[in-house]
Chemist: 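I am attaching a structure below and will ask some questions about it afterwards.
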Amino acid sequence: MRIAILASGSGSNFEAIMKAVAAGQIKAEVVLVFADKKDAYVLERAKKFGVPAAAFTPKDFSSKAAYERALLALLQEYRVQWLVLAGYMRIVGAALLNAFPERIVNIHPALLPSFPGLHGIKDAFEAGVKTTGVTIHFVDAGVDTGPIIAQAEVAVRADDSLESLEERIHQTEHQLYPEVLAKLLNEERVI
Ligand code: GRF
């Protein structure tokens, strides 16, 4: 299976996925990293792992649709079969959804449908919930609304700061995402 990672930031999930690929846990090839920000740290991590990387932003194009068409052309050039969103902070549009039906997954740092959007960890922390967690889901046209594939709970401790909670959420992400991708991708056959 040929997968691309889409990201906007640090890329710690990308790194966790690469380690799982190297260990043979995920039987897939990460053929491309794409970032919608030219200074995203994930691009440095891609270099470290020797994975081809590209970056451009919607601002480089006349419209969001034109941006997505360019991204789709790039993905087709690399013969990408699955899209794995790992901190890609953008709504996925029709061009990509139509090209990869049920083959786009995302990770969200809260227990969806609670706390969708950009600040899942902070929103859960400020709401004072006792339990939050991580969700992996298929991507649809909404914001964190697609069918849920897997979730893992993370308890909020009485003495947690936002930072300590963030750290445990990220640890949970780095474990759950490779496990779920292995289940999804290892058995998948594409003609
Ligand atoms: C993760 O918390 C992910 O759930 C969210 O964005 C963050 C990305 O982190 N969507 P990283 O770039 O993988 O380090």
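For ligands, and for the atoms within them, numbers begin at 1 and follow the listed sequence.
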Chemist: Which other residues end up in the same hydrophobic cluster as Val143, if Ile, Leu, Val, Met, Phe, Trp and Tyr are linked when side-chain heavy atoms come under 4.5 Å apart?
Modeler: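 Via sub-4.5 Å side-chain contacts, Val143 links to Ile91.
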
Chemist: Would you mind running through ligand 1 and noting each atom that sits below 4.0 Å from a heavy atom of Glu173?
Modeler: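 The list of qualifying atoms is 1 (C), 2 (O), 3 (C), 4 (O).
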
Chemist: Using non-hydrogen atoms of the residue, decide whether Ala7 is closer than 4.0 angstrom to ligand 1.
Modeler: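 No, Ala7 has no heavy atom closer than 4.0 Å to ligand 1.
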
Chemist: Under 4.0 Å between a Lys/Arg side-chain N and an Asp/Glu carboxylate O for Glu126 and Lys122?
Modeler: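 Between Lys122 and Glu126 there is a salt bridge, with a charged N closer than 4.0 Å to a carboxylate O.
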
Chemist: Check each atom of ligand 1 against the heavy atoms of Ser10 and keep those under 4.0 Å away; list them by number with element.
Modeler: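 Listed by number with element: 12 (O), 14 (O).
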
Chemist: Using a strict cut-off of less than 4.0 Å between a Lys/Arg side-chain nitrogen and an Asp/Glu carboxylate oxygen, indicate whether Glu44 and Lys48 qualify as a salt bridge.
Modeler: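 No.
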
Chemist: Determine whether any heavy atom of Met89 lies closer than 4.0 Å to an atom of ligand 1.
Modeler: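 Met89 counts as a contact of ligand 1 under the 4.0 Å cut-off.
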
Chemist: Report the relative orientation of the aromatic rings in Phe34 and Tyr67; use parallel for angles under 30°, tilted for 30 to 60°, perpendicular for over 60°.
Modeler: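 Phe34 and Tyr67: tilted rings.
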
Chemist: Nearest 0.5 Å, what's the CZ-NZ distance between Arg157 and Lys130?
Modeler: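 Nearest 0.5 Å value for the CZ-NZ distance: 14.5 Å.
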
Chemist: If hydrogens are left out, which of Ser12, Ala110, Gly87, Ala40 has an atom nearest to atom 11 (P) of ligand 1, that is, the closest non-hydrogen atom?
Modeler: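 Residue with the shortest heavy-atom distance to the ligand atom: Ser12.
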
Chemist: I'd like to know whether Trp82 forms a side chain to side chain contact (heavy atoms under 4.5 Å, CB included) with Leu185, so could you lay out the CA-CA distance, the side-chain angles of the two residues, the decisive distance to 0.1 Å, and finally the verdict.
Modeler: CA-CA 9 Å; Trp82 274 74; Leu185 301 174; 3.5 Å; yes

Chemist: Checking side-chain polar atoms at under 3.5 Å, does Ser12 have a donor or acceptor matched by the opposite partner on His170?
Modeler: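 Per modelled atom types, Ser12 and His170 side chains form no pair under 3.5 Å.
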
Chemist: Any N or O on Gly9 sitting closer than 3.5 Å to an N or O of ligand 1?
Modeler: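 In fact, backbone or side chain, Gly9 has no N or O that close.
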
Chemist: Would you call Asp36 and Lys59 a salt bridge, using N to O less than 4.0 angstrom?
Modeler: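 Judged by the 4.0 Å cut-off on N to carboxylate O distance, Asp36 and Lys59 do not form a salt bridge.
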
Chemist: Starting from atom 12 (O) of ligand 1, locate the nearest protein heavy atom and write down its residue, its atom name and how far away it is, to 0.1 Å.
Modeler: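 Looking only at protein heavy atoms, the one closest to atom 12 (O) of ligand 1 is Gly11 N, 2.7 Å.
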
Chemist: Atom 10 (N) of ligand 1: which protein heavy atom is closest, and how many Å away?
Modeler: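 Looking only at protein heavy atoms, the one closest to atom 10 (N) of ligand 1 is Ile107 O, 3.3 Å.
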
Chemist: Looking at atom 9 (O) of ligand 1, what's its closest protein heavy atom, distance included?
Modeler: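 That would be Asn13 ND2, 3.8 Å.
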
Chemist: So for ligand 1, is Asn106 a polar contact partner (N or O within less than 3.5 Å, distance only)?
Modeler: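 No; the residue has no nitrogen or oxygen that sits under 3.5 Å from a nitrogen or oxygen of the ligand.
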
Chemist: Is there a heavy atom of Glu15 sitting under 4.0 angstrom from any atom of ligand 1?
Modeler: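 In this structure, Glu15 fails to qualify as a contact of ligand 1 - no heavy atom is under 4.0 Å.
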
